[in-house]
Amino acid sequence: MGAGGKDRSTGRRNRLLLAGLLAVVGLILLLLGLTVANGAVAGVEVVLALLLLIGSYAIQYAARRDTLYRDERRR
């Protein structure tokens with residue numbers, strides 16, 4: 001694994017860390033929106049939480065795909 005491999009590994013790790021952070025924030029917002037908040041604020045929190053969770057999934061998917069197909073792209 002050369003210098004490029006370490007950069008790629010660091011990038012993947014950072015993307016997965018960001019995805020985890022987005023997922024935690026999304027779950028907290030979803031919990032607050034469904035339990036504590038009232039009215040329009042609750043709706044906004046739930047929608048924002050769902051967007052964060054979908055974004056987290058997309059980042060994780062991209063990082064996993066990069067890991068899975070990295071050897072095939074080098075050929």
Side-chain angles (χ1 to χ4, degrees):
M1 182 188 278
K6 287 187 179 187
D7 291 341
R8 183 177 292 184
S9 177
T10 302
R12 261 192 319 273
R13 193 170 28 252
N14 288 341
R15 283 193 302 268
L16 288 173
L17 181 64
L18 175 63
L21 183 63
L22 287 177
V24 168
V25 171
L27 289 173
I28 290 170
L29 277 176
L30 187 62
L31 182 66
L32 289 174
L34 293 174
T35 58
V36 177
N38 293 325
V41 174
V44 170
E45 284 183 0
V46 169
V47 169
L48 183 60
L50 292 175
L51 290 174
L52 287 173
L53 291 171
I54 291 169
S56 171
Y57 175 77
I59 293 171
Q60 289 177 30
Y61 178 79
R64 284 192 309 262
R65 183 180 165 135
D66 184 40
T67 301
L68 184 62
Y69 296 115
R70 72 171 178 242
D71 290 335
E72 292 179 11
R73 283 188 254 160
R74 287 184 190 168
R75 294 179 185 170

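A quick note: this is a predicted structure, and the numbers were derived from the prediction, not measured. FYI, side chains are in, hydrogens and waters are out, and symmetry mates aren't considered; it's all heavy atoms of this structure.
Put simply, the side chain of Leu53 does not reach to within 4.5 Å of the side chain of Leu22, judged on heavy atoms. Looking at Leu31 and Leu27, their side chains never come closer than 4.5 Å, going by heavy atoms from C-beta outward.
No continuous path of ILVMFWY side-chain contacts below 4.5 Å connects Val24 to Ile54, so the two sit in separate hydrophobic clusters.
Considering every non-hydrogen atom in both Arg15 and Ile59, the closest pair reads O-CG2, 3.2 Å. The two residues Ala63 and Arg12 have their closest heavy-atom pair at O-CD, 3.7 Å.
Atoms OG and CG, on Ser56 and Leu51 in that order, are 12.5 Å from each other to the nearest 0.5 Å.
Residue Leu29 forms a side chain to side chain contact (heavy atoms under 4.5 Å, CB included) with just one option from Leu52, Val44, Val46, Leu50, and that option is Leu52.
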